[in-house]
Amino acid sequence: MDQNSIDHKTLVANLTDDQRLSLTEKSDLAGLWMTASHVVGLLFTGVWITGSFEFWQVALVLHGIQLVFLFTLLHETSHNTPFASLFLNRWVGRICGFVLFLPAEWFRYYHLAHHRHTHDPKHDPELAGPPINTLARYWFVVSGLPIWKFHFKTLFENALGNVGYDYLPDAARPRVTREARMMLLIYSGLLAGSLYFTTTTLLFVWIVPTILGQPFLRLYLLAEHRRCPHVANMLENSRTTYTNSIVRWLAWNMPYHAEHHAYPAVPFHKLPAFHEVAKRHLQTTQTGYTAFNKDEITALMGGKRREQVL
(Lines give C-alpha, C1' and ligand atoms only; values in the text may rest on other atoms or scores of the structure.)
Protein backbone atom coordinates (compact mmCIF):
# COMPACT_ATOMS: atom_id res chain seq x y z
CA MET A 1 0.00 0.00 0.00
CA ASP A 2 1.30 3.47 -0.87
CA GLN A 3 2.60 5.33 2.18
CA ASN A 4 0.47 8.40 1.58
CA SER A 5 -2.78 6.45 1.17
CA ILE A 6 -3.03 5.17 4.75
CA ASP A 7 -3.92 6.91 7.99
CA HIS A 8 -3.66 5.66 11.56
CA LYS A 9 -7.22 4.34 11.63
CA THR A 10 -6.60 2.22 8.57
CA LEU A 11 -3.27 1.04 9.97
CA VAL A 12 -4.88 -0.20 13.17
CA ALA A 13 -7.90 -1.64 11.37
CA ASN A 14 -5.59 -3.71 9.18
CA LEU A 15 -3.99 -5.44 12.16
CA THR A 16 -4.90 -9.08 12.62
CA ASP A 17 -6.56 -10.27 15.83
CA ASP A 18 -3.32 -11.96 16.85
CA GLN A 19 -1.37 -8.75 16.27
CA ARG A 20 -3.83 -6.77 18.36
CA LEU A 21 -3.65 -9.24 21.23
CA SER A 22 0.13 -9.29 21.15
CA LEU A 23 0.63 -5.54 20.77
CA THR A 24 -1.77 -4.58 23.57
CA GLU A 25 -0.62 -7.18 26.10
CA LYS A 26 0.26 -5.46 29.38
CA SER A 27 2.81 -6.85 31.80
CA ASP A 28 3.46 -6.11 35.47
CA LEU A 29 6.84 -7.81 35.10
CA ALA A 30 7.94 -5.60 32.19
CA GLY A 31 6.70 -2.48 33.97
CA LEU A 32 8.31 -3.36 37.30
CA TRP A 33 11.61 -4.31 35.64
CA MET A 34 11.69 -1.00 33.78
CA THR A 35 10.73 0.93 36.91
CA ALA A 36 13.44 -0.86 38.90
CA SER A 37 16.06 0.14 36.36
CA HIS A 38 15.06 3.78 36.76
CA VAL A 39 15.09 3.51 40.56
CA VAL A 40 18.62 2.05 40.42
CA GLY A 41 19.73 4.95 38.23
CA LEU A 42 18.25 7.48 40.64
CA LEU A 43 19.81 5.76 43.65
CA PHE A 44 23.21 5.82 41.97
CA THR A 45 23.14 9.55 41.22
CA GLY A 46 21.42 10.28 44.55
CA VAL A 47 24.22 8.60 46.52
CA TRP A 48 26.76 10.39 44.31
CA ILE A 49 25.21 13.72 45.33
CA THR A 50 24.63 13.05 49.03
CA GLY A 51 28.09 11.54 49.40
CA SER A 52 29.63 14.66 47.82
CA PHE A 53 31.81 12.45 45.67
CA GLU A 54 34.02 13.94 42.96
CA PHE A 55 32.10 15.82 40.27
CA TRP A 56 28.88 15.64 42.33
CA GLN A 57 27.74 18.79 40.52
CA VAL A 58 27.58 16.72 37.31
CA ALA A 59 25.48 14.19 39.19
CA LEU A 60 22.97 16.96 39.95
CA VAL A 61 22.24 17.28 36.23
CA LEU A 62 22.19 13.52 35.59
CA HIS A 63 19.90 13.01 38.58
CA GLY A 64 17.66 15.84 37.43
CA ILE A 65 17.31 14.43 33.93
CA GLN A 66 16.18 11.12 35.37
CA LEU A 67 13.74 12.82 37.71
CA VAL A 68 12.06 15.01 35.09
CA PHE A 69 11.81 12.11 32.65
CA LEU A 70 9.55 10.41 35.17
CA PHE A 71 7.05 12.53 33.27
CA THR A 72 7.11 9.90 30.53
CA LEU A 73 6.15 7.23 33.07
CA LEU A 74 3.42 9.51 34.44
CA HIS A 75 2.25 9.92 30.86
CA GLU A 76 2.16 6.13 30.38
CA THR A 77 0.17 5.61 33.58
CA SER A 78 -2.47 8.04 32.30
CA HIS A 79 -3.19 5.35 29.70
CA ASN A 80 -2.98 2.53 32.27
CA THR A 81 -0.47 0.74 30.04
CA PRO A 82 2.91 0.35 31.84
CA PHE A 83 1.47 -2.29 34.21
CA ALA A 84 -1.31 -4.84 33.95
CA SER A 85 -2.40 -3.88 37.47
CA LEU A 86 -4.66 -0.83 37.74
CA PHE A 87 -3.39 -0.36 41.31
CA LEU A 88 0.21 -0.07 40.10
CA ASN A 89 -0.74 2.28 37.26
CA ARG A 90 -2.60 4.58 39.64
CA TRP A 91 -0.03 4.69 42.45
CA VAL A 92 3.08 4.85 40.32
CA GLY A 93 1.43 7.70 38.42
CA ARG A 94 0.66 9.51 41.67
CA ILE A 95 4.23 9.16 42.89
CA CYS A 96 5.63 10.48 39.60
CA GLY A 97 3.16 13.35 39.62
CA PHE A 98 4.11 14.20 43.20
CA VAL A 99 7.81 14.35 42.30
CA LEU A 100 7.04 16.66 39.37
CA PHE A 101 4.46 18.86 41.16
CA LEU A 102 1.97 17.68 38.53
CA PRO A 103 -1.30 16.16 39.84
CA ALA A 104 -1.71 12.73 38.23
CA GLU A 105 -5.51 12.54 38.45
CA TRP A 106 -5.91 15.89 36.72
CA PHE A 107 -3.18 15.11 34.20
CA ARG A 108 -4.98 11.95 33.04
CA TYR A 109 -7.95 13.96 31.77
CA TYR A 110 -5.76 16.74 30.39
CA HIS A 111 -3.67 14.24 28.45
CA LEU A 112 -6.62 12.24 27.14
CA ALA A 113 -8.04 15.51 25.79
CA HIS A 114 -4.72 15.97 23.99
CA HIS A 115 -5.18 12.53 22.41
CA ARG A 116 -8.76 13.27 21.35
CA HIS A 117 -7.74 16.56 19.73
CA THR A 118 -4.10 15.98 18.84
CA HIS A 119 -2.48 19.09 17.35
CA ASP A 120 -5.85 20.79 16.83
CA PRO A 121 -5.16 24.46 17.63
CA LYS A 122 -8.72 25.06 18.81
CA HIS A 123 -9.11 22.08 21.14
CA ASP A 124 -5.75 20.51 22.06
CA PRO A 125 -4.97 21.77 25.60
CA GLU A 126 -1.25 21.33 24.96
CA LEU A 127 -1.41 24.12 22.38
CA ALA A 128 -2.80 26.69 24.81
CA GLY A 129 -0.55 29.65 25.50
CA PRO A 130 1.67 31.89 23.39
CA PRO A 131 3.14 30.32 20.24
CA ILE A 132 6.85 29.72 19.83
CA ASN A 133 7.46 32.10 16.94
CA THR A 134 10.69 33.78 18.00
CA LEU A 135 14.07 32.51 19.15
CA ALA A 136 13.61 34.31 22.47
CA ARG A 137 10.34 32.48 23.07
CA TYR A 138 11.97 29.18 22.15
CA TRP A 139 14.73 29.59 24.76
CA PHE A 140 12.21 30.79 27.34
CA VAL A 141 10.20 27.59 26.86
CA VAL A 142 13.33 25.44 26.93
CA SER A 143 14.37 27.06 30.23
CA GLY A 144 11.40 25.37 31.89
CA LEU A 145 10.08 28.55 33.49
CA PRO A 146 6.69 28.50 31.72
CA ILE A 147 6.04 24.85 32.59
CA TRP A 148 6.89 25.35 36.26
CA LYS A 149 4.48 28.28 36.35
CA PHE A 150 1.85 26.07 34.71
CA HIS A 151 2.42 23.19 37.16
CA PHE A 152 2.09 25.35 40.26
CA LYS A 153 -0.83 27.36 38.87
CA THR A 154 -2.67 24.11 38.14
CA LEU A 155 -1.83 22.66 41.55
CA PHE A 156 -3.07 25.68 43.51
CA GLU A 157 -6.15 26.22 41.35
CA ASN A 158 -7.12 22.59 41.78
CA ALA A 159 -6.60 22.84 45.55
CA LEU A 160 -8.89 25.88 45.65
CA GLY A 161 -11.57 23.98 43.74
CA ASN A 162 -11.14 25.96 40.52
CA VAL A 163 -11.47 22.87 38.34
CA GLY A 164 -13.83 24.04 35.61
CA TYR A 165 -11.84 22.51 32.77
CA ASP A 166 -13.86 21.50 29.71
CA TYR A 167 -12.12 18.12 29.56
CA LEU A 168 -12.75 17.26 33.22
CA PRO A 169 -15.99 15.34 33.93
CA ASP A 170 -18.08 16.54 36.88
CA ALA A 171 -17.60 13.25 38.74
CA ALA A 172 -13.81 13.68 38.68
CA ARG A 173 -13.68 17.22 40.04
CA PRO A 174 -13.87 16.36 43.77
CA ARG A 175 -11.05 13.81 43.30
CA VAL A 176 -8.91 16.37 41.51
CA THR A 177 -9.43 18.88 44.33
CA ARG A 178 -8.66 16.33 47.05
CA GLU A 179 -5.54 15.21 45.22
CA ALA A 180 -4.12 18.74 44.99
CA ARG A 181 -4.88 19.48 48.65
CA MET A 182 -3.21 16.26 49.78
CA MET A 183 -0.14 17.03 47.66
CA LEU A 184 0.17 20.52 49.15
CA LEU A 185 -0.24 19.10 52.66
CA ILE A 186 2.61 16.61 52.12
CA TYR A 187 4.82 19.27 50.51
CA SER A 188 4.22 21.48 53.53
CA GLY A 189 5.15 18.63 55.86
CA LEU A 190 8.37 17.94 53.97
CA LEU A 191 9.29 21.62 54.02
CA ALA A 192 8.57 21.89 57.74
CA GLY A 193 10.60 18.75 58.42
CA SER A 194 13.55 20.03 56.40
CA LEU A 195 13.49 23.34 58.28
CA TYR A 196 13.12 21.66 61.66
CA PHE A 197 16.05 19.30 61.08
CA THR A 198 18.00 22.00 59.18
CA THR A 199 18.71 19.61 56.32
CA THR A 200 19.21 20.47 52.66
CA THR A 201 18.96 16.87 51.44
CA LEU A 202 15.65 17.32 49.62
CA LEU A 203 16.92 20.53 48.08
CA PHE A 204 19.88 18.77 46.48
CA VAL A 205 18.31 15.42 45.59
CA TRP A 206 14.97 16.79 44.38
CA ILE A 207 14.41 20.50 43.90
CA VAL A 208 17.70 21.67 42.37
CA PRO A 209 18.06 18.60 40.10
CA THR A 210 14.54 18.93 38.69
CA ILE A 211 15.18 22.58 37.86
CA LEU A 212 18.43 21.63 36.12
CA GLY A 213 16.85 18.69 34.32
CA GLN A 214 13.72 20.40 33.03
CA PRO A 215 15.37 21.99 29.94
CA PHE A 216 16.36 18.52 28.71
CA LEU A 217 12.76 17.36 28.97
CA ARG A 218 11.56 20.47 27.12
CA LEU A 219 14.02 19.84 24.25
CA TYR A 220 12.71 16.29 24.05
CA LEU A 221 9.00 17.14 24.21
CA LEU A 222 9.19 19.86 21.56
CA ALA A 223 9.90 17.18 18.96
CA GLU A 224 6.65 15.30 19.58
CA HIS A 225 4.33 17.60 17.60
CA ARG A 226 5.99 20.90 16.80
CA ARG A 227 5.92 21.83 13.11
CA CYS A 228 3.72 18.83 12.40
CA PRO A 229 0.68 19.35 10.11
CA HIS A 230 -2.65 20.23 11.71
CA VAL A 231 -4.44 17.15 10.42
CA ALA A 232 -6.38 14.29 12.00
CA ASN A 233 -3.99 11.57 10.86
CA MET A 234 -1.77 10.60 13.81
CA LEU A 235 0.91 9.36 11.42
CA GLU A 236 1.31 12.98 10.26
CA ASN A 237 0.45 15.15 13.28
CA SER A 238 2.86 13.32 15.63
CA ARG A 239 6.59 12.84 15.12
CA THR A 240 8.61 9.69 15.67
CA THR A 241 12.22 10.55 16.45
CA TYR A 242 14.92 8.00 15.79
CA THR A 243 17.36 8.02 18.68
CA ASN A 244 19.63 5.83 20.78
CA SER A 245 18.71 3.15 23.31
CA ILE A 246 19.56 5.37 26.30
CA VAL A 247 17.00 8.00 25.31
CA ARG A 248 14.42 5.33 24.51
CA TRP A 249 15.00 3.83 27.98
CA LEU A 250 14.85 7.22 29.66
CA ALA A 251 11.59 8.10 27.86
CA TRP A 252 9.89 4.71 28.12
CA ASN A 253 10.02 4.23 24.33
CA MET A 254 7.99 7.39 23.74
CA PRO A 255 10.30 8.53 20.91
CA TYR A 256 7.99 6.18 18.96
CA HIS A 257 5.46 8.94 19.36
CA ALA A 258 3.46 8.68 16.16
CA GLU A 259 3.00 4.98 16.91
CA HIS A 260 1.81 5.83 20.42
CA HIS A 261 -0.77 8.28 19.11
CA ALA A 262 -1.89 5.89 16.39
CA TYR A 263 -2.58 3.14 18.93
CA PRO A 264 -2.41 4.39 22.57
CA ALA A 265 -3.37 0.96 23.95
CA VAL A 266 0.09 -0.37 23.03
CA PRO A 267 2.26 -0.43 26.20
CA PHE A 268 5.81 0.90 26.21
CA HIS A 269 7.47 -2.51 25.87
CA LYS A 270 5.46 -3.33 22.72
CA LEU A 271 6.07 -0.02 20.92
CA PRO A 272 9.25 -1.25 19.16
CA ALA A 273 7.23 -4.14 17.70
CA PHE A 274 4.44 -1.79 16.61
CA HIS A 275 7.04 0.49 15.06
CA GLU A 276 8.09 -2.36 12.78
CA VAL A 277 4.49 -2.58 11.58
CA ALA A 278 3.97 1.17 11.22
CA LYS A 279 7.36 2.52 10.12
CA ARG A 280 6.74 2.53 6.36
CA HIS A 281 3.57 4.58 6.91
CA LEU A 282 5.10 7.26 9.17
CA GLN A 283 4.96 10.67 7.54
CA THR A 284 6.66 12.87 10.13
CA THR A 285 10.00 11.65 11.48
CA GLN A 286 13.36 13.04 12.56
CA THR A 287 16.78 11.54 13.16
CA GLY A 288 17.76 12.66 16.65
CA TYR A 289 16.67 15.38 19.06
CA THR A 290 19.77 17.46 18.40
CA ALA A 291 18.89 17.54 14.69
CA PHE A 292 15.29 18.50 15.45
CA ASN A 293 16.23 21.40 17.71
CA LYS A 294 18.96 22.54 15.33
CA ASP A 295 16.35 22.72 12.56
CA GLU A 296 14.02 24.56 14.92
CA ILE A 297 16.60 27.18 15.80
CA THR A 298 17.56 27.60 12.15
CA ALA A 299 13.93 28.15 11.17
CA LEU A 300 13.39 30.72 13.93
CA MET A 301 16.61 32.56 13.14
CA GLY A 302 15.53 32.75 9.51
CA GLY A 303 12.35 34.51 10.56
CA LYS A 304 10.14 31.86 9.01
CA ARG A 305 6.64 32.39 10.30
CA ARG A 306 4.46 29.50 9.23
CA GLU A 307 0.92 28.53 10.06
CA GLN A 308 1.98 25.20 11.51
CA VAL A 309 4.56 26.69 13.90
CA LEU A 310 3.11 26.43 17.40
So if you build clusters from Ile, Leu, Val, Met, Phe, Trp, Tyr with side-chain heavy-atom gaps below 4.5 Å, do W249 and W33 land together? no
I want to check something: taking the side chain as every heavy atom from C-beta on, are H230 and K122 in contact at a cut-off of under 4.5 Å? no
D124 vs H117, side chain to side chain donor-acceptor pair (under 3.5 Å): CA-CA, chis, key distance, verdict: CA-CA 5 Å; D124 186 345; H117 307 290; over 6 Å; no
Might you work through the ring pair (Phe, Tyr, Trp, His ring centres under 6.0 Å) test for F98 and Y187, ending with a clear yes or no? CA-CA 9 Å; F98 180 84; Y187 292 142; 4.4 Å; yes
Closest non-hydrogen atoms of A223 and R239, given as atom of the first, atom of the second and distance, are O-NH1, 2.7 Å
Side-chain contact, heavy-atom cut-off 4.5 Å: P103 with V176? no
Apply ring pair (Phe, Tyr, Trp, His ring centres under 6.0 Å) to residues Y256 and F274 and explain how you reach the verdict. CA-CA 9 Å; Y256 296 122; F274 186 43; 9.8 Å; no
As an exercise, state the distance from NE2 of H261 to OG1 of T118, rounded to the nearest 0.5 Å. 4.5 Å
Applying side chain to side chain contact (heavy atoms under 4.5 Å, CB included), run through D295 and Q286 and close with a yes or a no. CA-CA 10 Å; D295 288 348; Q286 179 60 275; 3.1 Å; yes
On a heavy-atom basis, which atom in N162 and which in Y165 lie closest, and how many Å separate them? O-OH, 3.8 Å
Using the rule that two of Ile, Leu, Val, Met, Phe, Trp, Tyr join whenever any of their side-chain heavy atoms come within less than 4.5 Å, decide whether Y289 and V61 are in one cluster. yes
In the single-linkage hydrophobic clustering (I, L, V, M, F, W, Y; side-chain heavy atoms under 4.5 Å), do L60 and L43 co-cluster? no
Atom NE2 of H114 and atom OG of S78: how far apart are they, to the nearest 0.5 Å? 9.5 Å
Mind checking whether H79 and H75 have parallel, tilted or perpendicular rings, split at 30° and 60°? perpendicular
Any donor-acceptor pair under 3.5 Å linking the side chain of T285 with the backbone of T240? no
Shortest non-hydrogen contact from R90 to N80? NH1-OD1, 2.8 Å
Going by heavy atoms in the side chains, are Q283 and N233 under 4.5 Å from each other? yes
Ring-plane angle category for W91 and F87, please: parallel below 30°, perpendicular beyond 60°, tilted otherwise. tilted
Would you find a donor on one side and an acceptor on the other, under 3.5 Å apart, between the side chain of T200 and the backbone of L203? no
Applying side chain to side chain contact (heavy atoms under 4.5 Å, CB included), run through H225 and H257 and close with a yes or a no. CA-CA 9 Å; H225 301 284; H257 206 65; 3.3 Å; yes
Are V266 and M234 connected in a single hydrophobic cluster, I mean Ile/Leu/Val/Met/Phe/Trp/Tyr linked by side-chain heavy atoms less than 4.5 Å apart? no
Looking only at heavy atoms, the pair that brings L282 and A258 closest together is CD2-CB, 3.8 Å
Residues F140, L145; criterion side chain to side chain contact (heavy atoms under 4.5 Å, CB included); working and verdict: CA-CA 7 Å; F140 184 55; L145 292 174; 3.8 Å; yes
Decide yes or no for K26 and K270: does some side-chain heavy atom of the first lie under 4.5 Å from some side-chain heavy atom of the second? no
Value rounded to 0.5 Å, distance of CG in L160 from CG in L155: 9.5 Å
Taken to the nearest 0.5 Å, the spacing of F107 CZ from E179 CD works out to 12.0 Å
Okay, side chain of N89, backbone of S85: is any donor-acceptor separation there less than 3.5 Å? yes
Nearest 0.5 Å please: distance from the OG1 atom of T81 over to the NE2 atom of H269. 9.5 Å
Looking at side-chain heavy atoms only, is the closest gap between E296 and R226 below 4.5 Å? yes
Minimum heavy-atom distance P267-E25, with the two atoms named: CG-O, 3.3 Å
Just do the side chain to side chain contact (heavy atoms under 4.5 Å, CB included) check on V277 and L11 with the steps written out, would you? CA-CA 9 Å; V277 176; L11 173 65; 4.3 Å; yes
Would you check if the side chain of S37 reaches a backbone N or O of M34 as a donor-acceptor pair within less than 3.5 Å? yes
Is the W56 ring parallel, tilted or perpendicular to the F204 ring (thresholds 30°, 60°)? perpendicular
Without placing hydrogens or testing angles, list every side-chain donor-acceptor pair under 3.5 Å for residues 206-222, not counting sequence neighbours.
| unit_1 | atom_1 | unit_2 | atom_2 | d |
| --- | --- | --- | --- | --- |
| W206 | NE1 | V99 | O | 2.8 |
| T210 | OG1 | W206 | O | 3.0 |
| T210 | OG1 | I207 | O | 2.8 |
| Q214 | OE1 | R218 | NE | 2.9 |
| Q214 | OE1 | R218 | NH2 | 3.1 |

Shortest non-hydrogen contact between L74 and A104, atoms and distance: CD1-CB, 3.7 Å
Hydrophobic clusters here meaning ILVMFWY residues chained together by side-chain heavy-atom distances under 4.5 Å, can you tell me if L195 and L202 are in one? no
When you compare the side chain of D7 with that of T10, does any pair of heavy atoms fall below 4.5 Å? yes
Is it true that a side-chain atom of N237 and a backbone atom of V231 form a donor plus acceptor pair closer than 3.5 Å? yes
Between the side chain of R173 and the main-chain N/O of L168, is any donor-acceptor distance below 3.5 Å? yes
Can you give me every donor-acceptor pair (side chain of residues 44-52, partner residue at least two apart or in another chain, under 3.5 Å) with its distance?
| unit_1 | atom_1 | unit_2 | atom_2 | d |
| --- | --- | --- | --- | --- |
| T45 | OG1 | G41 | O | 3.1 |
| T45 | OG1 | L42 | O | 3.3 |
| T45 | OG1 | H63 | ND1 | 2.7 |
| T45 | OG1 | Q66 | NE2 | 3.2 |
| W48 | NE1 | E54 | O | 2.8 |
| T50 | OG1 | G46 | O | 3.0 |
| T50 | OG1 | V47 | O | 3.4 |

Checking Y109, Y110, W106 against Y167 for side chain to side chain donor-acceptor pair (under 3.5 Å), the one that qualifies is W106
Under the 3.5 angstrom rule, does the side chain of H123 hit a backbone N or O of A113 as a donor-acceptor pair? no
Contact between W139 and I297 at the side-chain level, heavy atoms closer than 4.5 Å - yes or no? yes
Checking D28 side chain against A84 main chain: does a donor-acceptor pair fall under 3.5 Å? yes
Hey, what do you get for CG (N253) to CZ (F268), rounding to the nearest 0.5 Å? 7.5 Å
Determine whether R181 and N158 make a side-chain contact, defined as any pair of heavy atoms from C-beta on separated by less than 4.5 Å. no
